Engineer: 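This structure is in structure tokens; I'll ask about it shortly.
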Amino acid sequence: RDDVLYALFRLRDKSLVDVDRASMPRFYMLQTIRDFSTAMLEPEESVPIYRRFAMHYLGLVGRQDTLLRSAHQDDAIARIYADWTNVRGALSHFMTDAEVAAPALAAFGALSNYWLRTGTLTEGATFYESVDFDRFAPSVELASALCGAAFVELNRQNYARAQPYAARARDVARIVDAPWFEIYAAIAE
């Protein structure tokens with residue numbers, strides 16, 4: 001831990017990273033450095049790096065799911081919000097990496113509560129619209145993501161978009177024997 005902090009502060013001294021002290025200190029790489037570093041990566045180097053990045057931030061969202069449905073939702077929202085740029089990047093990476101599919105679908109299910117609670121429904125709807133849900137085999141994660149999409153559209157009062165998401169979620173939930181999501185989809189329908 002001390003070695004990591006020492007290295008981060010040395011990078012800060014060299015203006016390669018900066019510190020955001022809004023709530024708890026958070027280090028971030030300056031955009032010019034990030035762009036340069038990305039350009040220097042060989043294609044075979046970038047795939048595992050982007051995959052680890054995506055898995056980390058999609059996992060972070062997945063771990064907030066239960067909290068988003070509890071009295072601790074403000075803490076979960078703050079945690080996701082603090083890393084929103086990285087979460088958005090992880091969701092974008094999901095579109096190009098099939099190995100990230102299950103955690104990404106789980107994140108899409110959890111993020112529906114984030115978008116509902118923060119009032120950023122249009123952003124959520126845009127993400128859901130960008131996903132071809134038909135390419136995924138039935139799974140609990142798929143049922144969760146489809147339920148999330150249905151509730152985001154329902155709260156946007158876009159019933160024509162909400163109904164197909166809810167119907168598909170119900171069908172997937174039946175196939176994978178996930179009664180909770182079957183009920184959730186039926187409520188949306």
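The chain is numbered in sequence order, starting from 1. Only a predicted model underlies this, so the values are computations on that prediction, with no experimental measurement involved.
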Engineer: Is a side-chain donor or acceptor of T120 paired with a backbone partner of E123 at a separation under 3.5 angstrom?
Structural biologist: no
Engineer: Any Lys/Arg nitrogen of E182 or R174 sitting under 4.0 Å from an Asp/Glu carboxylate oxygen of the other?
Structural biologist: yes
Engineer: Counting only heavy atoms not in R135, do more than 12 fall under 6.0 Å of its CZ?
Structural biologist: yes
Engineer: Which pair of non-hydrogen atoms, one from A145 and one from F108, has the smallest distance, and what is that distance?
Structural biologist: CB-CB, 3.8 Å
Engineer: Under 4.5 Å between side-chain heavy atoms, counting indirect links through other Ile/Leu/Val/Met/Phe/Trp/Tyr residues: same cluster for V47 and V100 or not?
Structural biologist: no
Engineer: I'd like to know if I33 and Y50 are part of one continuous hydrophobic network [Ile/Leu/Val/Met/Phe/Trp/Tyr, side-chain heavy atoms within less than 4.5 Å].
Structural biologist: no
Engineer: Okay, side chain of S144, backbone of V140: is any donor-acceptor separation there less than 3.5 Å?
Structural biologist: no
Engineer: Nearest 0.5 Å, what's the OH-CZ distance between Y128 and R161?
Structural biologist: 13.5 Å
Engineer: Any side-chain to backbone donor/acceptor pair from R156 onto V152? Under 3.5 Å, distance only.
Structural biologist: no
Engineer: Are Y114 and W84 close enough that their ring centres sit under 6.0 Å apart?
Structural biologist: yes
Engineer: What's the separation between atom CG in N113 and atom OG1 in T66, rounded to the nearest 0.5 Å?
Structural biologist: 10.0 Å
Engineer: Does some side-chain heavy atom of L146 sit less than 4.5 Å from a side-chain heavy atom of L105?
Structural biologist: no
Engineer: Atom CD in E189, atom CD in Q163: separation rounded to 0.5 Å?
Structural biologist: 5.5 Å
Engineer: If hydrophobic clusters are built by linking Ile, Leu, Val, Met, Phe, Trp and Tyr wherever their side-chain heavy atoms come under 4.5 Å apart, do L121 and Y159 end up in the same one?
Structural biologist: yes
Engineer: Mind checking what makes side-chain contact (heavy atoms from CB on, under 4.5 Å) contact with Q31, not counting sequence neighbours?
Structural biologist: R34, D35
Engineer: Should T118 and Y81 count as side-chain neighbours, where that means a heavy-atom distance under 4.5 Å?
Structural biologist: no
Engineer: Do you know the tightest heavy-atom contact between M29 and S37?
Structural biologist: SD-OG, 4.3 Å
Engineer: What pair of heavy atoms forms the shortest contact from S139 to V172, and how long is it?
Structural biologist: O-CG1, 3.4 Å
Engineer: According to salt bridge (charged side-chain N to carboxylate O under 4.0 Å, His left out), who are the partners of D65, at least two apart in sequence or on a separate chain?
Structural biologist: R69
Engineer: For the OG atom of S112 and the CD atom of E153, what is their distance to the nearest 0.5 Å?
Structural biologist: 12.0 Å
Engineer: Salt-bridge test for R168 and D134: reply yes if a basic N is under 4.0 Å from a carboxylate O, no otherwise.
Structural biologist: yes
Engineer: Are I77 and L67 linked, directly or through intermediate hydrophobic residues, by side-chain heavy-atom contacts shorter than 4.5 Å (ILVMFWY only)?
Structural biologist: no
Engineer: Can you tell me how far apart OG (S46) and CE (M40) are? Round to the nearest 0.5 Å.
Structural biologist: 13.5 Å
Engineer: Between L91 and L58, is a side-chain contact (heavy atoms from CB on, under 4.5 Å) present by the stated rule, with each step listed?
Structural biologist: CA-CA 8 Å; L91 291 172; L58 295 172; 3.6 Å; yes
Engineer: Nearest 0.5 angstrom please: L16 CG to L8 CG, how far?
Structural biologist: 11.0 Å
Engineer: Can you tell if the side chain of D75 reaches within under 4.5 Å of the side chain of H72, non-hydrogen atoms only?
Structural biologist: yes
Engineer: Would you say that V176 contacts L142 through its side chain, given a criterion of any heavy-atom pair below 4.5 Å between the two side chains?
Structural biologist: no
Engineer: Are I80 and L111 close enough, and set up right, to give a side-chain contact (heavy atoms from CB on, under 4.5 Å), and what steps lead you there?
Structural biologist: CA-CA 9 Å; I80 293 170; L111 284 171; 4.2 Å; yes
Engineer: Ignoring hydrogens, what is the shortest heavy-atom contact between A166 and A188? Give both atom names and the distance.
Structural biologist: CB-CB, 3.8 Å
Engineer: Of the non-hydrogen atoms in L30 and S15, which two are nearest, and what is the gap between them?
Structural biologist: CD1-O, 3.1 Å
Engineer: Ring centroid separation for W115 and F151, is it under 6.0 angstrom?
Structural biologist: no
Engineer: Can you classify the ring geometry of W180 versus Y184 as parallel (below 30°), tilted (30 to 60°) or perpendicular (above 60°)?
Structural biologist: parallel
Engineer: Do H56 and R51 have side chains that approach each other closer than 4.5 Å (heavy atoms only, starting at C-beta)?
Structural biologist: no
Engineer: Determine whether more than 12 heavy atoms belonging to other residues, nucleotides or ligands lie under 6.0 Å from atom CZ of R88.
Structural biologist: yes
Engineer: Counting C-beta onward and ignoring hydrogens, is there a side-chain heavy-atom pair between L41 and I49 closer than 4.5 Å?
Structural biologist: yes
Engineer: Side chains of R79 and R63: does their closest heavy-atom pair fall under 4.5 Å?
Structural biologist: no
Engineer: Which heavy atom of G89 sits nearest a heavy atom of F53, and at what distance?
Structural biologist: C-CE2, 4.0 Å
Engineer: Ignoring hydrogens and geometry, is there a side-chain-to-backbone donor-acceptor pair from E45 to E42 under 3.5 Å?
Structural biologist: yes
Engineer: Could you tell me whether the side chain of C147 reaches within less than 4.5 Å of the side chain of Y165, counting heavy atoms only?
Structural biologist: no
